[in-house]
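What follows is one structure encoded as structure tokens, with my remarks underneath.
First the proteins, then the strands, lettered A, B, ... as listed; each starts at 1.
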There are 2 protein chains.
Amino acid sequence: MPKRAPSDTSQTADVRERIMETASALFYEMGARAVGVDLVVARAGVAKTSLYRYFRTKDDLVAAFLQREDEDFWAKWDSVAAQHPGAPLQQLEAHCDWIGERLARPGYRGCPQLNIAAEFSDETHPARQVAIAHKAELRARLESLIAEMGIQPASRAAGQIALLINGAFVSAQILEPDEAAGLLKQAVKAILNAQAPKGKA
Amino acid sequence: MPKRAPSDTSQTADVRERIMETASALFYEMGARAVGVDLVVARAGVAKTSLYRYFRTKDDLVAAFLQREDEDFWAKWDSVAAQHPGAPLQQLEAHCDWIGERLARPGYRGCPQLNIAAEFSDETHPARQVAIAHKAELRARLESLIAEMGIQPASRAAGQIALLINGAFVSAQILEPDEAAGLLKQAVKAILNAQAPKGKA
DNA sequence: TCTAAATGATACAGACCTGTCTGTTTTACT
DNA sequence: AGTAAAACAGACAGGTCTGTATCATTTAGA
């Protein structure tokens with residue numbers, strides 16, 4: 001008596017992919033430490049042996065979750081940037097817009113990278129490496145955008161805006177979420193205007 | 001054979017206080033979920049029964065930890081503010097200074113309130129209430145400082161600076177820590193100048 | 001000094017966790 | 001159709017966790 005018809009519809013999805021999706025949702029919603037592998041496999045409708053075939057340990061699964069979030073984030077970033085080619089200021093504003101949009105989503109619970117970094121203090125944890133790389137990448141992308149605007153030193157303004165973005169991530173769940181979006185955008189403008197040699201806001 | 005002489009020196013400290021101090025250090029350093037009560041009592045040199053006499057559950061101990069951090073934070077805030085009576089701008093700058101100093105301390109691992117909020121997703125968790133109240137208090141204090149400066153609307157600039165401060169907290173452990181301090185201070189100035197009707201930076 | 005409260009030491013219950021093992025069933029490919 | 005890989009199902013080991021129960025010991029006050 002199989003619990004599900006063998007060639008059921010819609011469950012043709014890769015087993016690995018189903019595990020990833022379920023684990024991602026659970027880890028983000030409840031925190032990685034609060035979610036056991038038994039819950040993941042139960043929710044995913046998958047055997048525990050399958051999980052451990054694709055992921056050596058639970059820590060690896062957590063790292064894979066962050067890696068996936070990282071890729072999704074930059075894919076979105078790239079697609080938004082592509083809508084304003086050669087216009088760094090418009091790009092930055094557009095990024096603030098979609099990021100701000102996410103902050104106001106129901107169930108928003110902060111930046112996954114920051115949350116996992118808060119949960120796992122061990123510097124050598126595989127997921128922490130992903131988080132650090134992610135934040136370095138954010139910093140680098142902001143810096144090149146700002147350099148494109150002709151603002152000097154680009155590193156300083158980029159760092160300030162990185163502070164603002166990370167601050168918006170963590171503040172959205174503590175303060176009113178829809179407020180953070182507006183604050184972020186206004187503050188970014190203020191930072192840019194303060195540093196710009198030729199202010200053309 | 002008692003492991004410690006009964007009236008030993010320096011251990012006359014309250015049992016409850018010894019538990020609080022040990023738990024605070026461990027929770028902050030490793031994360032509350034990663035620290036078991038057995039580790040706390042072992043480090044504190046205290047019986048588990050004593051812990052459960054003063055704290056009904058571990059969650060209560062976590063909440064007490066955050067409460068204590070909250071009180072220490074505002075005590076420091078008040079003492080710094082008292083050094084610049086009637087000078088809100090100097091106060092805000094001084095706050096940026098000591099906060100920036102903390103970010104660069106060895107072993108800095110972010111804002112305890114934000115870390116615990118990231119670890120415990122349950123909205124009803126007692127510690128989460130403390131964290132939310134703490135961040136609301138930060139926002140309120142910033143707002144009154146900025147209103148004192150004559151900047152309108154105070155709420156907006158306060159929100160932007162709250163974003164910056166929270167961003168500095170979480171970014172310090174990801175980026176270079178001593179950099180965050182400078183970025184914070186510069187960015188706060190930029191925000192103030194952008195909003196001030198009469199800029200006297 | 002006597003007594004009551006506080007503390008210590010430790011075992012324990014019950015639950016949960018990660019990761020493995022075994023054996024069966026389903027899928028996919030030839 | 002036949003075969004090998006993949007997936008399922010479920011038990012299980014070994015550990016950790018929270019919270020309680022038991023009993024000895026120490027402290028503090030009358």
Side-chain angles (χ1 to χ4, degrees), chain A residues 1-23 26-27 30-65 116 119-122 124-127, chain B residues 1-23 26-27 30-65 116 119-122 124-127:
Chain A
M1 51 179 81
K3 297 198 175 171
R4 205 174 44 241
S7 286
D8 204 342
T9 71
S10 81
Q11 292 296 30
T12 327
D14 234 6
V15 169
R16 192 195 137 98
E17 182 57 23
R18 214 156 67 215
I19 294 172
M20 275 296 299
E21 259 176 46
T22 309
L26 288 173
F27 287 167
M30 308 173 58
R33 279 199 128 109
V35 173
V37 291
D38 286 320
L39 179 58
V40 174
V41 301
R43 280 290 180 92
V46 149
K48 203 197 280 197
T49 36
S50 299
L51 189 152
Y52 278 102
R53 178 178 10 246
Y54 291 113
F55 304 96
R56 212 173 54 81
T57 66
K58 185 196 168 185
D59 285 345
D60 285 358
L61 178 59
V62 175
F65 154 57
I116 295 294
E119 279 198 272
F120 296 93
S121 65
D122 180 10
T124 71
H125 193 289
Chain B
M1 50 177 82
K3 298 199 172 171
R4 207 174 41 242
S7 285
D8 203 343
T9 71
S10 82
Q11 291 295 30
T12 329
D14 232 5
V15 169
R16 192 195 137 98
E17 182 57 25
R18 215 156 66 215
I19 294 172
M20 276 294 301
E21 259 176 44
T22 308
L26 288 173
F27 287 166
M30 308 172 57
R33 281 202 127 108
V35 174
V37 290
D38 286 319
L39 178 58
V40 173
V41 301
R43 280 290 179 92
V46 148
K48 201 197 280 198
T49 36
S50 298
L51 189 153
Y52 278 103
R53 179 179 11 243
Y54 291 113
F55 305 95
R56 212 173 55 81
T57 66
K58 185 195 169 186
D59 285 345
D60 285 359
L61 178 58
V62 176
F65 154 58
I116 295 294
E119 273 195 284
F120 297 92
S121 66
D122 181 9
T124 70
H125 192 290

For B:Tyr54 and B:Glu17: C-alpha separation, side-chain torsions, deciding distance, then whether side chain to side chain contact (heavy atoms under 4.5 Å, CB included) applies. CA-CA 10 Å; B:Tyr54 291 113; B:Glu17 182 57 25; over 6 Å; no

Between A:Asp122 and B:Met30, is a side chain to side chain contact (heavy atoms under 4.5 Å, CB included) present by the stated rule, with each step listed? CA-CA 8 Å; A:Asp122 180 10; B:Met30 308 172 57; over 6 Å; no

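Nucleotides of DNA chain C nearest to B:Ala47 and A:Val35 differ in position, and the one nearer the 5' end is that of B:Ala47.
Checked by atom type and distance alone, the side chain of A:Glu119 pairs as donor or acceptor with a backbone atom of A:Ala32 at under 3.5 Å.
The B:Thr49 side chain lies nearest to C:dA9 when the options are C:dT18, C:dA9, D:dT18. Here the side chain of B:Ser50 is nearest to one of C:dG8, D:dA7, C:dG19, namely C:dG8. Among the nucleotides C:dG8, C:dG19, D:dC8, the one closest to the side chain of B:Val46 is C:dG8. Checking D:dC8, C:dG19, D:dA6 against every side-chain atom of A:Lys58, the shortest atom distance belongs to C:dG19.
In this structure, the CZ atom of A:Arg56 is 15 Å from the P atom of C:dT18, given to the nearest Å. With rounding to whole Å, B:Asp14 atom CG is found 18 Å from C:dA5 atom P. If you take CZ of B:Arg53 and P of D:dT26, they are 16 Å apart, rounded to a whole angstrom. Rounded to an integer number of Å, the gap from B:Arg16 CZ to C:dT7 P is 12 Å. Following rounding to the nearest Å, B:Tyr52 (OH) and C:dT7 (P) show an atom-to-atom distance of 17 Å. Per the geometry, CZ belonging to A:Arg33 stands 12 Å off P belonging to D:dT18, to the nearest Å. Protein atom CZ of B:Arg43 is 20 Å distant from nucleotide atom C1' of C:dG8, rounded to whole Å. When rounded to the nearest whole Å, the span between CG of B:Asp38 and C1' of C:dA15 equals 15 Å.
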Contacts table for residues 34-52 of chain B: side-chain donor-acceptor under 3.5 angstrom, sequence neighbours left out:
residue	atom	partner	partner atom	Å
B:Asp38	OD1	B:Lys48	NZ	3.0

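Within 3.5 Å, a donor on the side chain of A:Lys48 pairs with an acceptor on the base of C:dG19, or the reverse.
Using a 4.0 Å heavy-atom cutoff across all strands shown, A:Tyr54 reaches sugar-phosphate atoms only and no base atom.
Ring geometry for B:His125 against B:Phe120 counts as tilted: the plane angle lies between 30° and 60°, on a 0 to 90° scale.
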